[in-house]
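As structure tokens, the structure follows; a few thoughts come after it.
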Amino acid sequence: MHRIWTHPWLKGHASMIALLYDISMVPVAWFLAYALRFNFEAMPFESYQVAVESLFPLWALQVLAYRIARLHRGMWRFASIPDLLRIFQSVTVGCVLFLLVVFLINRLAGIPRSITPLYGLLLIFLLGGARLAVRWLKSEPFFIENTDTMRVLIVGAGRAAEGLLRELKRGGMLRYRPVALVDDRSEMQGQEIQGVRIVGCCEDIPLVVEQQNITLIIIAIPSASGIAMRRLVRLCAQTTCQVRILPGLSDIVAGRLSVDALRAISLEDLLGREQVMLDKQGIGQEIVNKVILVSGGGGSIGSELCRQVATYAPARLIILDQSECALFTIEQALRSTCPSVEILPVLMDIRDKIGLQSLFEANKPDIVLHAAAYKHVPMLESQLRQALLNNIVGTYTLASVSAEAGVDKFLLVSSDKAVNPTNIMGATKRASERICRAFNQTTQTHFLTVRFGNVLDSAGSVIPTFRQQLKSGGPLTVTHPEITRFFMTIPEAVQLILQALTIGRGGELFVLDMGEPVKIRFLAEQMIRLAGKKVGEDIEIQYIGLRPGEKLYEELFYEAEMLIPTKHEKIFHSTGIETTVTDVLAKVVQLEMLCAHHATQASLTRCLRSLVPEWQGKTERARLCDEALLDP
């Protein structure tokens, strides 16, 4: 049956076949009406002659009515109430036109009064019945289960589940057979949707899987919170089934609901981050027709900044990075997705002052988004000089060139590790925050800072590490059972950065709402479950102890800081700390000279501590011990 409906010839001529059927049903309904009128007995010759003579004007007028009602536009496999209304309208118009024309010609002589109403009812039945039959045959396929057939359990019995069932049961989806639904609402128990029964609540998932021989579970609750999704994953993990999830509500509303849109559950689903609502018009006005420079444009945050900035039609997008591979990758991606945007990839170190000055003079950027930084915490603990050169001197050089060139806005991407820093990475980020504040007080450029926590799946972060360890069969290494971090997705972080760009007027330090901190142990457990494995049985979690510079938990602001709400609910303005930073720039110049002369670890440490007194790194004595080992 499926092969008949999907035959290429039928697909290519479906509209013509439908039109021919509709036209051919006019004489069928007309003579059936006469047959009913005479109780299926022999029709008088005079009546037969009138019926034949009347058929041709009726035929022509009915086809005209089809055209007026646009009956030919409806697809039979998707026939619904609007299609039935269109049939009713076309038949009614055809009957009315016929009665008017024949009345003007012969006053309806010889045509029984009951014939036209009977004809109309019969034609509606013939046209509507055929469409409903096709829809039924297409949406209720005759399943012949084989080794490829997947017996599907759908979790949730709402609008999304109903739409999914329609899609699964249409022709072309015979590989998926929905056999049961589960839903926690008591009033739904025992009900049916699209002929599929709701057999229990979500807690019954393992039992239903066993009883119904389920091979695929689809979670059809797009609005589920992180807590609800974690519960469902825990229940599904008690089975051996594949688990898939529907796309978001926006995709369902837009009609992009199909089996192809199903995807595996991600950590983003489990964390339950709400969709960010943006002032896209305000962001667009800030970026459109302006020259935007993104430093570190090949990195995790920088590349996403480039992607989102490009959607707002800047006059030119300058991508600055010292990694040629990363620069090439983001350039190629943007040229394919945003061909109308002028892209200028620049392979350059942000400490190259001469190169930056030449670049700024030639392109005159309006906005600089500074995302370039070394960020690997344990590695930077033994790379003090390089961390200072890139993160502090690099920020100072880029900021000073931006101010000299008259850039309107300079936005620094900072980190929660800058709050009460215990590592070199955090200390350099804190110093960068102070550099931007100092430049804002002494130049015409508006310097802004945005501070937030970790982003999911960024290069070198815990998620890619866990993924590689899973691929190798484990164990997953966690530094401490209680270690926590703030997390948000990369697109969410970048959206809020751009939103902060529109809010800032100069000198502000914005803190993003990161939600509740998440235990790294939880991420490890969930990644194991999402991989279809059992924690402690298939994959172990191994605790290896805190690494150099790591804290058990991060903070987003200092105790002395006050967080003031902005016009965006997820962005706060931090104030109440550092009223003056007049000596910051002089200390950075001193630090640059020390790095240039390859000063000792102790000298570099003292200079960094003068910039960031709250740095809680190693004691001076421990630093001196390191110096004895590292310096000749």
Side-chain angles (χ1 to χ4, degrees), residues 283-284 286-338 340-352 355-360 362-375 390-391 394-403 405 407-415 429 432 436 445-452 455 458-459 490-502 504 510 512:
I283 297 174
E286 193 74 35
I287 293 175
V288 67
N289 295 327
K290 293 183 180 179
V291 179
I292 313 295
L293 185 146
V294 180
S295 73
S300 302
I301 294 294
S303 60
E304 183 64 22
L305 271 171
C306 292
R307 291 186 187 93
Q308 293 195 25
V309 165
T311 63
Y312 292 99
R316 183 179 300 126
L317 176 57
I318 304 171
I319 310 174
L320 188 68
D321 205 290
Q322 64 176 337
S323 167
E324 61 177 348
C325 181
L327 189 63
F328 174 79
T329 301
I330 185 60
E331 178 199 3
Q332 294 302 304
L334 290 177
R335 291 200 188 283
S336 63
T337 57
C338 304
S340 61
V341 177
E342 183 181 347
I343 307 295
L344 177 61
V346 179
L347 189 63
M348 187 181 296
D349 192 312
I350 57 173
R351 296 172 295 167
D352 182 359
L356 288 175
Q357 287 173 334
S358 176
L359 176 67
F360 276 60
N363 293 276
K364 296 179 172 51
D366 300 291
I367 296 173
V368 173
L369 303 174
H370 178 35
Y374 290 150
K375 63 178 183 179
N390 191 74
N391 292 8
T395 297
Y396 171 80
T397 305
L398 183 60
S400 62
V401 173
S402 299
V407 168
D408 180 39
K409 285 187 177 182
F410 182 106
L411 187 145
L412 167 70
V413 176
S414 188
S415 166
K429 278 297 186 181
S432 296
C436 288
T445 297
H446 304 96
F447 282 82
L448 314 170
T449 299
V450 176
R451 185 194 291 162
F452 56 94
V455 290
S458 62
I490 294 176
E492 180 185 4
V494 170
Q495 288 167 0
L496 291 175
I497 289 171
L498 295 180
Q499 187 68 72
L501 183 69
T502 68
F510 293 109
L512 303 188

Inset, instruction - Determine whether Met348 and Ser358 make a side-chain contact, defined as any pair of heavy atoms from C-beta on separated by less than 4.5 Å. - result: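 Met348 vs Ser358: side chains apart.
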Legend entry - Close side-chain approach of Ile367 and Leu411, heavy atoms under 4.5 Å: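 No, every pair of side-chain atoms sits at 4.5 Å or beyond.
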Would you check if the side chain of [X] reaches a backbone N or O of [Y] as a donor-acceptor pair within less than 3.5 Å?
X: Thr311; Y: Gln308; value: yes
X: Lys409; Y: Glu286; value: no
X: Asp366; Y: Val291; value: yes
X: Ser303; Y: Gly297; value: no
X: Arg307; Y: Thr337; value: no
X: Asp349; Y: Gln322; value: no
X: Thr449; Y: Ser414; value: no

Straight-line distance of [X] [atom1] to [Y] [atom2], nearest 0.5 Å:
X: Leu317; Y: Leu293; atom1: CG; atom2: CG; answer: 8.5 Å
X: Ile301; Y: Leu369; atom1: CD1; atom2: CG; answer: 12.0 Å
X: Ile350; Y: Leu356; atom1: CD1; atom2: CG; answer: 8.0 Å
X: Cys306; Y: Leu320; atom1: SG; atom2: CG; answer: 10.0 Å
X: Tyr312; Y: Ile283; atom1: OH; atom2: CD1; answer: 4.0 Å
X: Thr329; Y: Leu334; atom1: OG1; atom2: CG; answer: 11.0 Å

Inset, instruction - For Gln357, check side-chain contact (heavy atoms from CB on, under 4.5 Å) against everything at least two apart and list the hits. - result: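 side-chain contact (heavy atoms from CB on, under 4.5 Å) list for Gln357, sorted by chain: Lys353, Ile354, Val401, Glu404.
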Please say which of [options] ends up in a side chain to side chain contact (heavy atoms under 4.5 Å, CB included) with [X].
X: Ile319; options: Leu305, Val346, Ile343, Val294; answer: Ile343
X: Val450; options: Leu498, Leu512, Leu501; answer: Leu512
X: Pro314; options: Asn289, Val288, Val341; answer: Val341

At their closest point, which heavy atom of [X] faces which heavy atom of [Y], and how far apart are they?
X: Gly298; Y: Asp321; answer: N-OD2, 2.9 Å
X: Ala372; Y: Gly296; answer: CB-N, 3.5 Å
X: Arg335; Y: Pro345; answer: NH2-CD, 3.9 Å
X: Arg451; Y: Ser415; answer: CG-O, 3.3 Å
X: Val407; Y: Phe360; answer: CG2-CE2, 3.7 Å
X: Ile497; Y: Phe452; answer: CD1-CE2, 3.7 Å

Legend entry - Audit row: Gln499, Thr502, side-chain hydrogen bond (donor to acceptor under 3.5 Å, both in side chains) steps and yes/no: CA-CA 5 Å; Gln499 187 68 72; Thr502 68; 3.1 Å; yes
Legend entry - Intermediate values then yes/no, side chain to side chain contact (heavy atoms under 4.5 Å, CB included), Phe447 and Val368: CA-CA 10 Å; Phe447 282 82; Val368 173; over 6 Å; no
Inset, instruction - Please name all residues satisfying side-chain hydrogen bond (donor to acceptor under 3.5 Å, both in side chains) with Asp352, sequence neighbours left out, ordered by chain then number. - result: none
Inset, instruction - Not counting sequence neighbours, which residues clear side-chain hydrogen bond (donor to acceptor under 3.5 Å, both in side chains) with Thr445? List them please. - result: none
Inset, instruction - For side chain to side chain contact (heavy atoms under 4.5 Å, CB included), just list the numbers for Phe410 and Leu398, CA-CA rounded to whole Å, side-chain angles, deciding distance to a tenth of an Å, and then say yes or no. - result: CA-CA 9 Å; Phe410 182 106; Leu398 183 60; 3.8 Å; yes
Inset, instruction - Would you indicate whether Gln332, at its atom CD, is surrounded by more than 12 heavy atoms from other residues, nucleotides or ligands within a distance under 6.0 Å? - result: yes
